[in-house]
Amino acid sequence: MLIGFGYDVHRLVEGRKLVIGGVEIPYQKGLEGHSDADVLLHAICDGLLGAMGEGDIGKHFPNTEPRFRGISSLHLLQRVARMISERGLAVENVDTTVIAEKPLIGPYLPHMLEKIAETLKIPVQKVNIKATTSEGLGFIGEGKGIAAYAVVLLSPKT
């Protein structure tokens with residue numbers, strides 16, 4: 001068994017779409033970044049890459065590469081899933097937490113679960129997303145950003 005941990009954070013800014021877990025969420029601000037800045041998928045990618053001993057998302061999809069500008073993070077996750085399969089590994093589970101003061105993302109969780117499970121080619125029951133706030137504390141509590149954590153478990157394919 002291989003365990004990986006991922007973390008990501010992005011600043012909320014005007015003029016960008018808000019995409020979390022591969023789902024566009026209506027909101028007056030979006031996350032700043034080179035790609036679509038999907039904090040949840042970035043944390044999952046980092047966790048999966050870490051479990052394989054393959055560094056982090058910046059190593060594989062650097063923000064200096066023009067081809068990754070504006071890319072959907074679902075495509076990045078798909079590439080990581082391909083790496084997992086090529087190494088003879090399988091995703092056992094993905095457990096995540098999104099920390100955002102606003103917007104409330106609860107209504108979007110089922111669609112996020114479906115997108116992530118479909119991209120990783122695993123049953124939706126193997127993916128878990130929790131959402132919480134930071135109770136008004138820090139930059140997240142002030143509505144300046146959103147963060148996500150992910151823990152993943154990989155095993156050899158049977």
Side-chain angles (χ1 to χ4, degrees), residues 3-52 54-81 84 91 93-120 122 124-154:
I3 297 171
F5 174 77
Y7 169 78
D8 196 42
V9 62
H10 286 276
R11 178 186 320 272
L12 281 164
V13 295
E14 301 283 339
R16 296 261 312 187
K17 292 179 182 178
L18 179 60
V19 180
I20 301 175
V23 176
E24 188 174 329
I25 299 172
Y27 193 59
Q28 68 265 24
K29 294 181 179 179
L31 294 169
E32 183 177 47
H34 187 70
S35 65
D36 63 5
D38 186 327
V39 291
L40 179 56
L41 296 186
H42 291 186
I44 293 170
C45 284
D46 269 350
L48 294 168
L49 289 165
M52 292 186 290
E54 285 292 335
D56 62 16
I57 196 169
K59 174 182 173 184
H60 295 273
F61 313 108
N63 63 8
T64 55
E65 280 285 329
R67 66 189 163 130
F68 299 128
R69 176 163 294 290
I71 194 170
S72 166
S73 294
L74 286 169
H75 293 301
L76 305 181
L77 183 60
Q78 188 175 49
R79 291 182 188 194
V80 173
I84 293 166
V91 178
N93 80 307
V94 176
D95 186 32
T96 67
T97 303
V98 177
I99 306 98
E101 210 65 27
K102 288 183 183 175
L104 297 177
I105 65 169
Y108 305 96
L109 293 179
H111 197 207
M112 291 178 194
L113 290 166
E114 291 171 7
K115 291 255 188 191
I116 294 165
E118 179 183 326
T119 303
L120 292 174
I122 60 175
V124 72
Q125 296 82 6
K126 289 188 172 194
V127 182
N128 187 50
I129 304 169
K130 302 173 295 295
T132 190
T133 69
S134 62
E135 301 293 331
L137 299 173
F139 71 93
I140 293 173
E142 294 169 2
K144 295 179 180 177
I146 296 177
Y149 296 94
V151 177
V152 303
L153 183 63
L154 302 179

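Quick note: residue numbers are just sequence positions, from 1.
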Review point. At what distance, to the nearest 0.5 angstrom, does CZ of F61 lie from NE2 of H75?
Key: 11.5 Å
Practice item. Find the distance between CG (L18) and NZ (K29) and round it off to the nearest 0.5 Å. Key: 11.5 Å
Review point. What closest approach, in Å, do G106 and P110 show between heavy atoms, and which atom pair accounts for it?
Key: O-CD, 3.9 Å
Check your understanding: Going by the side-chain hydrogen bond (donor to acceptor under 3.5 Å, both in side chains) test, which pairs reach into residues 17-26, not counting sequence neighbours?
Key -> none
Review point. Ignoring hydrogens and geometry, is there a side-chain-to-backbone donor-acceptor pair from H60 to G55 under 3.5 Å?
Key: no
Could you pull out every donor-acceptor pair under 3.5 Å between side chains of residues 126-138 and any protein atom, sequence neighbours left out?
from : atom 1 : to   : atom 2 : distance (Å)
N128 : ND2    : D95  : OD1    : 2.7
K130 : NZ     : D95  : OD1    : 2.7
K130 : NZ     : D95  : OD2    : 3.1
K130 : NZ     : T96  : O      : 3.1
K130 : NZ     : T97  : OG1    : 3.4
T133 : OG1    : E135 : N      : 3.2
S134 : OG     : E101 : OE1    : 3.4
S134 : OG     : L137 : O      : 3.0
S134 : OG     : G141 : N      : 2.9

Practice item. Only counting residues at least two apart or in another chain, list the ones meeting ring-ring contact (aromatic ring centres under 6.0 Å, His included) with Y108. Key: none
**Study point:** Closest approach of E14 to Q28 (non-hydrogen atoms, all atoms of both residues)
**Key:** OE1-O, 3.5 Å
Show me the side-chain donor-acceptor pairs of residues 38-48 shorter than 3.5 Å, one per line, residues at least two apart or across chains.
from : atom 1 : to  : atom 2 : distance (Å)
D38  : OD1    : G21 : N      : 2.9
D38  : OD1    : L40 : N      : 3.2
D38  : OD1    : L41 : N      : 3.1
D38  : OD2    : G21 : N      : 3.0
D38  : OD2    : G22 : N      : 2.7
H42  : ND1    : D8  : OD2    : 3.2
H42  : ND1    : H10 : NE2    : 3.4
H42  : NE2    : S35 : OG     : 3.3
H42  : NE2    : S73 : OG     : 2.8
D46  : OD1    : I57 : N      : 2.6

**Study point:** Nearest-0.5 Å distance that lies between atom CG in L12 and atom CD1 in I146
**Key:** 4.5 Å
Review point. Do R16 side-chain atoms and L31 backbone N/O form a donor-acceptor pair below 3.5 Å?
Key: yes
Point to revise | Flag if over 12 foreign heavy atoms under 6.0 Å of CZ, R11 | key: no
Exercise for review: Hey, could you give me the CG/CD distance between L76 and Q78, rounded to the nearest 0.5 Å?
Suggested key: 10.0 Å
Point to revise | Results of ring-ring contact (aromatic ring centres under 6.0 Å, His included) for Y7 - residues two or more places apart only | key: Y149
Review point. What pairs with E142 under side chain to side chain contact (heavy atoms under 4.5 Å, CB included), at least two apart in sequence or on another chain?
Key: K144
**Study point:** Close side-chain approach of V152 and V91, heavy atoms under 4.5 Å
**Key:** no
Study note, to complete from the structure: Here the gap from I25 atom CD1 to I20 atom CD1, rounded to the nearest 0.5 Å, amounts to 4.0 Å
